[in-house]
Amino acid sequence: MSRISVVDVNRCVGCQLCMFACSRRFGDGGLERSAIIVRSVGGVERGFTVVVCRACTDPPCAKACPVDALVPRKGGGVTLIPDKCIGCGSCVNACIIGAIFWDNVANKPIICTHCGYCVNYCPHGVLEIEER
């Protein structure tokens with residue numbers, strides 16, 4: 001299984017191309033449905049942080065789901081089964097790094113699938129896809 005890895009956050013210039021690419025998976029042109037977030041840690045001088053699922057091998061988000069809508073993936077991370085999800089948000093609260101975001105339209109979590117699409121759009125080599 002593959003996972004997204006943040007190679008060197010110091011290379012990030014905050015362009016958000018990874019976020020736009022991720023949202024495009026859904027055919028959206030904005031940033032609302034991105035499963036990866038780039039945030040400033042205090043302006044350009046202080047740099048940026050990249051928040052994305054780190055593919056926990058024992059994911060607390062899956063344990064917190066009362067209806068088993070998050071299935072642990074081999075190699076780490078989870079797969080969402082949207083039809084099972086009741087929109088309770090327990091997974092968001094359980095993620096220790098805050099890497100589960102919320103789709104307000106669908107009332108479901110947005111969780112990285114580790115597809116690697118965002119990696120192809122990062123012009124500074126901040127991200128990479130690795131096999132576990």
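In what follows, every heavy atom counts, from backbone to side chain, and hydrogens, waters and symmetry copies are set aside. The first residue of the sequence shown is numbered 1, and numbering continues consecutively from there. All of these numbers come straight from a predicted model, not from anything done at the bench.
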Checklist line | Where Ala94 and Cys61 come nearest, the two heavy atoms and their spacing | finding: CB-CA, 4.0 Å
Check: Counting distance only, does the side-chain N/O of Arg39 pair as donor-acceptor with the main-chain N or O of Gly14 below 3.5 Å?
Finding: no
Checklist line | From SG (Cys18) to NE2 (His124), nearest 0.5 Å | finding: 10.5 Å
Item checked: Value rounded to 0.5 Å, distance of CD1 in Ile37 from CD in Gln16 -> 8.0 Å
Check: Taking atom CD of Glu130 as the centre, does the number of heavy atoms from other residues, nucleotides or ligands within less than 6.0 Å exceed 12?
Finding: yes
Next item on the list: List the steps and the verdict of side-chain contact (heavy atoms from CB on, under 4.5 Å) for Val41 and Phe48.
Entry: CA-CA 5 Å; Val41 291; Phe48 300 90; 5.8 Å; no
Notebook entry, point to check: Taking Val126 as the fixed residue, which of Val50, Asp8, Val7 is the one that meets the side-chain contact (heavy atoms from CB on, under 4.5 Å) rule?
Noted result: Val50
Notebook entry, point to check: Looking at residues at least two apart in the chain, or sitting in another chain, which of them share a salt bridge (Lys or Arg N to Asp or Glu O under 4.0 Å) with Arg54?
Noted result: none
Check: So, do Cys85 and Asp83 sit near enough that their side-chain heavy atoms are less than 4.5 Å apart?
Finding: no
Notebook entry, point to check: Hey, does Thr113 have a side-chain heavy atom less than 4.5 Å from the side chain of Thr79?
Noted result: no
Notebook entry, point to check: Side-chain contact, heavy-atom cut-off 4.5 Å: Leu31 with Phe20?
Noted result: yes
Checklist line | Any side-chain heavy-atom pair of Ile4 and Val119 under 4.5 Å | finding: yes
Notebook entry, point to check: Under 3.5 Å, side chain of Ser34 to main-chain N/O of Ser23, donor-acceptor pair present?
Noted result: no
Notebook entry, point to check: About how many Å separate NZ of Lys108 and NZ of Lys84, when rounded to the nearest 0.5 Å?
Noted result: 12.5 Å
Check: From Cys115 SG over to Ile129 CD1, what is the distance, rounded to the nearest 0.5 angstrom?
Finding: 7.0 Å
Next item on the list: Kindly indicate whether the side chain of Pro60, heavy atoms from C-beta on, has any atom under 4.5 Å from the side chain of Cys95.
Entry: no
Next item on the list: Could you tell me the separation between the CG atom of Asp68 and the NZ atom of Lys63, rounded to the nearest 0.5 Å?
Entry: 13.0 Å
Check: Taking all atoms of both residues into account, what is the closest heavy-atom pair of Ala35 and Val52, and its distance?
Finding: O-CG2, 3.9 Å
Next item on the list: Determine whether Leu127 and Ser5 make a side-chain contact, defined as any pair of heavy atoms from C-beta on separated by less than 4.5 Å.
Entry: no
Check: Listed by chain and number, what are the ring pair (Phe, Tyr, Trp, His ring centres under 6.0 Å) partners of Tyr117, not counting sequence neighbours?
Finding: Tyr121
Margin query: One pair to check against salt bridge (Lys or Arg N to Asp or Glu O under 4.0 Å): Asp103 and Arg33. What are the steps and the verdict?
Written below: CA-CA 6 Å; Asp103 183 338; Arg33 295 181 71 196; 3.0 Å; yes
Notebook entry, point to check: Transitive ILVMFWY cluster of Leu80 at side-chain heavy atoms under 4.5 Å: who else is in it?
Noted result: Leu70, Val78, Val92, Ile100, Trp102, Ile111
Check: Roughly how far, to the nearest 0.5 Å, is the CZ atom of Arg25 from the SG atom of Cys118?
Finding: 8.5 Å
Notebook entry, point to check: Would you say the side chain of Val51 lies within less than 4.5 Å of the side chain of Ile36, judging by non-hydrogen atoms?
Noted result: no
Next item on the list: Check whether more than 12 heavy atoms from other residues, nucleotides or ligands sit under 6.0 Å from atom CD1 of Ile96, and answer yes or no.
Entry: no
Note to self: Are His114 and Arg73 packed together at the side-chain level, in the sense that at least one heavy-atom pair is separated by less than 4.5 angstrom?
What the structure shows: yes
